[in-house]
Participant: 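Pasting a structure here, questions to come.
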Amino acid sequence: MARLNTYLAPLSLLFLAGSLVMLWFIILSGVTDTTPLNQTYFLSAQTGGITGARPVTQWAYFYICGEGNVDCNRAAPAPPLGWAWSANPANAPSELVGTHGGDTTSFYYYYMWRFGWVFYLIALVFSVMAFFCGFVACFGRLGSAIAGLAAFVALFFHTIAVSLMTAVFVRMRNEFLANGRDASLGRYAFGFSWSSWTALLIATVLFCVGMRGSGDSSSGGRRWGRQRSVRSRRSYDLNGANGRRVKDDYA
């Protein structure tokens with residue numbers, strides 16, 4: 001039991017640590033002008049000519065920035081995507097503008113990104129919990145079960161987060177393209193998001209395998225125990241039969 005977890009638990013922790021590092025890269029995008037944070041954004045689009053907008057706008061996690069993740073707005077939780085321009089702007093794609101976020105953002109983009117933004121944080125919290133519980137998984141089945149449960153919850157919220165993020169920014173890119181403006185998805189943010197999800201999925205599976213492996217070894221021991229009892233029963237029956245034959249001979 002412990003021997004299997006000795007190998008699987010560190011491997012799970014390795015994948016979980018990789019998932020956490022990539023999540024931190026996404027959350028800290030735009031914080032400093034260093035690689036890869038200055039290249040991590042969800043969408044880059046030409047916004048020149050839109051009222052109050054920069055020539056190029058890049059949407060990061062806490063910030064809405066100019067090209068290269070510089071000249072950013074103040075950090076804000078779940079910033080409305082329409083904060084890239086002024087209220088009721090001219091020349092902006094009509095599908096993006098609405099009455100939310102100070103008359104800058106439509107209902108769909110305001111709430112879809114707000115929920116996606118929150119689920120990233122929830123996934124981060126449960127991933128950190130799973131990481132520390134993973135050290136307990138090195139010592140037995142119970143630790144693998146606790147770490148596996150925390151990792152599964154993190155995976156659930158992470159799945160929702162990256163799905164909402166993908167839906168929002170792919171559709172937003174298409175709106176800019178349909179409006180005759182160049183727009184592209186951020187390869188770093190999308191790469192980190194889905195790679196982090198994949199690493200978390202692998203870690204969750206490994207924790208579960210460690211838990212099942214423990215149960216298999218114990219059940220194997222019970223099977224060997226039953227086999228020994230069967231052999232002892234057979235030897236008892238043979239000895240009994242020999243005893244009866246000896247009695248018959250003396251009779």
Side-chain angles (χ1 to χ4, degrees), residues 12 15-30 36-37 39-45 57-65 69 75-84 93 95-98 100-101 104-131 147-179 183-208:
S12 303
F15 279 103
L16 199 50
S19 176
L20 280 169
V21 168
M22 287 182 281
L23 264 180
W24 279 114
F25 282 155
I26 295 167
I27 291 173
L28 297 178
S29 57
L37 300 182
Q39 301 180 38
T40 304
Y41 52 85
F42 296 107
L43 179 71
S44 177
T57 301
Q58 295 180 171
W59 286 264
Y61 190 78
F62 278 106
Y63 300 93
I64 298 175
C65 305
N69 278 1
L81 302 179
W83 279 7
E95 292 293 330
L96 305 182
V97 181
H100 295 78
T104 61
T105 313
S106 67
F107 175 88
Y108 174 86
Y109 289 99
Y110 182 82
Y111 284 106
M112 285 286 283
W113 175 231
R114 178 149 294 207
F115 280 112
W117 191 95
V118 170
F119 284 135
Y120 266 105
L121 283 186
I122 298 175
L124 176 67
V125 170
F126 280 100
S127 294
V128 171
M129 291 174 57
F131 181 77
L149 177 61
F152 178 79
V153 175
L155 181 65
F156 173 77
F157 287 109
H158 203 334
T159 302
I160 298 175
V162 295
S163 298
L164 290 177
M165 179 273 298
T166 301
V168 166
F169 288 104
V170 169
R171 183 171 174 177
M172 192 171 176
R173 178 203 60 182
N174 294 340
E175 293 293 343
F176 278 111
L177 293 176
N179 198 248
S184 60
L185 300 175
R187 58 180 181 176
Y188 279 86
F190 272 76
F192 287 148
S193 292
W194 285 105
S195 297
S196 175
W197 180 88
T198 303
L200 180 57
L201 173 64
I202 295 173
T204 304
V205 171
L206 290 176
F207 281 130
C208 293

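These values consider heavy atoms only, across backbone and side chains, with no hydrogens, waters or symmetry-generated copies. When a residue number appears, it is its place in the shown sequence, counting from 1. Everything quoted here is computed from the prediction, not taken from an experiment.
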Participant: Is any side-chain heavy atom of Tyr63 less than 4.5 Å from a side-chain heavy atom of Asn69?
Facilitator: no
Participant: Heavy-atom count around Tyr108 OH within 6.0 Å, excluding the residue itself: above 12?
Facilitator: yes
Participant: Do Leu185 and Leu43 come within less than 4.5 Å of each other through their side chains, counting heavy atoms only?
Facilitator: yes
Participant: Please determine which of Thr104, Val97, Val168 meets the side chain to side chain contact (heavy atoms under 4.5 Å, CB included) test together with Tyr109.
Facilitator: Val168
Participant: Are side-chain heavy atoms of Phe190 and Phe169 found at a separation under 4.5 Å?
Facilitator: yes
Participant: Shortest non-hydrogen contact from Ala78 to Arg114?
Facilitator: O-NH2, 3.2 Å
Participant: Compare every heavy atom of Trp117 with every heavy atom of Ala76, then report the nearest pair and how far apart it is.
Facilitator: O-CZ2, 4.5 Å
Participant: Provide the closest heavy-atom pair for Ser12 versus Leu206 in the form atom of the first, atom of the second, distance.
Facilitator: OG-CB, 3.0 Å
Participant: Under 3.5 Å, is there a donor-acceptor pair between the Tyr120 and Ser193 side chains?
Facilitator: yes
Participant: If you compare all heavy atoms of Pro80 against all heavy atoms of Ile64, which two are closest, and at what distance to 0.1 Å?
Facilitator: O-CD1, 3.4 Å
Participant: Would you check, one step at a time, whether the test side chain to side chain contact (heavy atoms under 4.5 Å, CB included) holds for Phe42 with Met172?
Facilitator: CA-CA 10 Å; Phe42 296 107; Met172 192 171 176; over 6 Å; no
Participant: So, taking the atom named CZ in Arg171 and the one named OG1 in Thr166, what distance separates them when rounded to the nearest 0.5 Å?
Facilitator: 14.5 Å
Participant: I need the Tyr188 OH to Phe25 CZ distance, nearest 0.5 Å.
Facilitator: 10.5 Å
Participant: Is the Trp113 ring parallel, tilted or perpendicular to the Tyr61 ring (thresholds 30°, 60°)?
Facilitator: perpendicular
Participant: To the nearest 0.5 Å, tell me how far Leu28 CG sits from Thr40 OG1.
Facilitator: 9.5 Å
Participant: Could you list the residues that satisfy ring pair (Phe, Tyr, Trp, His ring centres under 6.0 Å) with Tyr110, not counting sequence neighbours?
Facilitator: His100
Participant: By side chain to side chain donor-acceptor pair (under 3.5 Å), which residues pair with Ser184, not counting sequence neighbours?
Facilitator: none
Participant: Among all residues two or more places apart in sequence or in another chain, which pass the ring pair (Phe, Tyr, Trp, His ring centres under 6.0 Å) test with Phe119?
Facilitator: Phe157
Participant: For the OG atom of Ser44 and the CZ atom of Arg187, what is their distance to the nearest 0.5 Å?
Facilitator: 12.0 Å
Participant: What closest approach, in Å, do Thr57 and Ala84 show between heavy atoms, and which atom pair accounts for it?
Facilitator: CG2-CB, 3.6 Å
Participant: With a 4.5 Å limit on heavy-atom distance, are the side chains of Val153 and Met129 in contact?
Facilitator: no
Participant: With rounding to the nearest 0.5 Å, note down the distance linking CG in Leu155 to CD1 in Ile160.
Facilitator: 10.0 Å
Participant: Does the Thr105 side chain pair with the main chain of Gly82, one donor and one acceptor, at a distance under 3.5 Å?
Facilitator: yes
Participant: Show your working on side chain to side chain contact (heavy atoms under 4.5 Å, CB included) between Phe207 and Leu149 and close with a plain yes or no.
Facilitator: CA-CA 9 Å; Phe207 281 130; Leu149 177 61; over 6 Å; no
Participant: Can you confirm whether Ser29 sits close enough to Phe192 that some side-chain heavy atom of one is under 4.5 Å from a side-chain heavy atom of the other?
Facilitator: no
Participant: Please list, chain by chain and in numerical order, all residues satisfying ring pair (Phe, Tyr, Trp, His ring centres under 6.0 Å) with Phe15, sequence neighbours excluded.
Facilitator: none
Participant: According to ring pair (Phe, Tyr, Trp, His ring centres under 6.0 Å), who are the partners of Trp194, at least two apart in sequence or on a separate chain?
Facilitator: Trp197
Participant: If you take all heavy atoms of Leu16 and Ala130, which pair is closest and at what distance?
Facilitator: CD2-C, 3.5 Å
Participant: Could you give the distance from CG (Leu37) to CD1 (Ile26), rounded to the nearest 0.5 Å?
Facilitator: 11.0 Å
Participant: Can you check whether Pro93 reaches Phe176 side chain to side chain, under 4.5 Å on heavy atoms?
Facilitator: yes
Participant: List in chain and number order the residues that pass side chain to side chain donor-acceptor pair (under 3.5 Å) with Ser19, two or more places apart in sequence or in another chain; answer none if no residue qualifies.
Facilitator: Ser196
